[in-house]
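This report refers to the structure that appears directly beneath it.
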Amino acid sequence: MNILIIEDNPSHLKLAHHVLSAAGYNVNDAEAAGQALAAIKADKPQLILLDLQLPGMDGLALVRKLKSDPETADIQIVAVTSYPERFPRTEAMAAGCVAFIAKPINTRTLPAQLEQLIK
C-alpha cells in the first residue's frame, strides 16, 4: 500500500515514516499542502496520513480540495492533530476524513489502525 504522510514537524514526520516503512508500507512524505498535491499527482497514494495544522493551506482545506476532485476523491484520508479543540473530529469527518487521530500517535498500533481502514 502507498501512504503519503503530510506533516510539517520534521521529527513527527520522521517517526511516522519509520514506523510505517518498517511495517512494510511504501511511504512518501510532504511538509505542506502544495508539496502534497505534487506528490499525489506523481504517485497517487491509497491512504494519506494528514496533519491538520499545516503552513499555508490547513489540512481541512486540503481534504476538501482532494475530495472535490474526481481524480483524488477515493483516497482514504486520516486526520492527525495536536489541536483537537481547534480541529475537532466532527469537522475532519465532515470534510471527508475516514478517521481521526489525536497526537501523540501510538506508534505500536498505528500500522494496524491504518490497515483496518483500507480493508
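Residue indices begin at 1 and follow the sequence shown.
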Are [X] and [Y] grouped together when hydrophobic residues (ILVMFWY) are joined by side-chain heavy atoms under 4.5 angstrom apart?
X      : Y     : value
Ile5   : Val78 : yes
Leu60  : Ile48 : yes
Ile105 : Met1  : yes
Met93  : Tyr83 : no
Leu4   : Leu52 : yes

Starting at [atom1] of [X], measure out to [atom2] of [Y] and round the result to the nearest 0.5 Å.
X      : Y      : atom1 : atom2 : value
Leu110 : Leu49  : CG    : CG    : 6.0 Å
Leu54  : Ile6   : CG    : CD1   : 7.0 Å
Gln53  : Asn9   : CD    : CG    : 11.0 Å
Leu50  : Leu47  : CG    : CG    : 10.5 Å
Ser82  : His12  : OG    : NE2   : 5.5 Å
Thr109 : Leu114 : OG1   : CG    : 9.0 Å

| query | Would Asp74 and Lys44 pass as an ion pair if we require N to O under 4.0 Å? | reply | yes
Can you tell me if [X] uses its side chain to pair, donor with acceptor, with the backbone of [Y] under 3.5 Å?
X     : Y     : value
Lys67 : Ile75 : yes
Glu91 : Phe87 : no
Gln46 : Asn2  : yes

| task | Assess whether atom NZ of Lys103 is packed by more than 12 heavy atoms of other residues, nucleotides or ligands within 6.0 Å. | result | yes
| Step by step, would you call Leu13 with Glu31 a side chain to side chain contact (heavy atoms under 4.5 Å, CB included)? | CA-CA 8 Å; Leu13 180 60; Glu31 295 181 6; 3.9 Å; yes
Student check: side-chain heavy atoms of [X] and [Y] closer than 4.5 Å:
X      : Y     : answer
His17  : Tyr25 : no
Phe100 : Pro84 : yes
Ile3   : Asn26 : no
Asn28  : Pro45 : no

| task | I would like to know whether Leu37 and Lys65 meet side chain to side chain contact (heavy atoms under 4.5 Å, CB included); could you show each step before the answer? | result | CA-CA 10 Å; Leu37 291 169; Lys65 181 176 181 66; 3.6 Å; yes
| task | Could you pull out the closest heavy-atom pair between Cys97 and Val63, with the gap in Å? | result | SG-CG2, 3.8 Å
| request: Write down the atom of Ala33, the atom of Met57, and the distance for their closest heavy-atom approach. | output: CB-CB, 3.7 Å
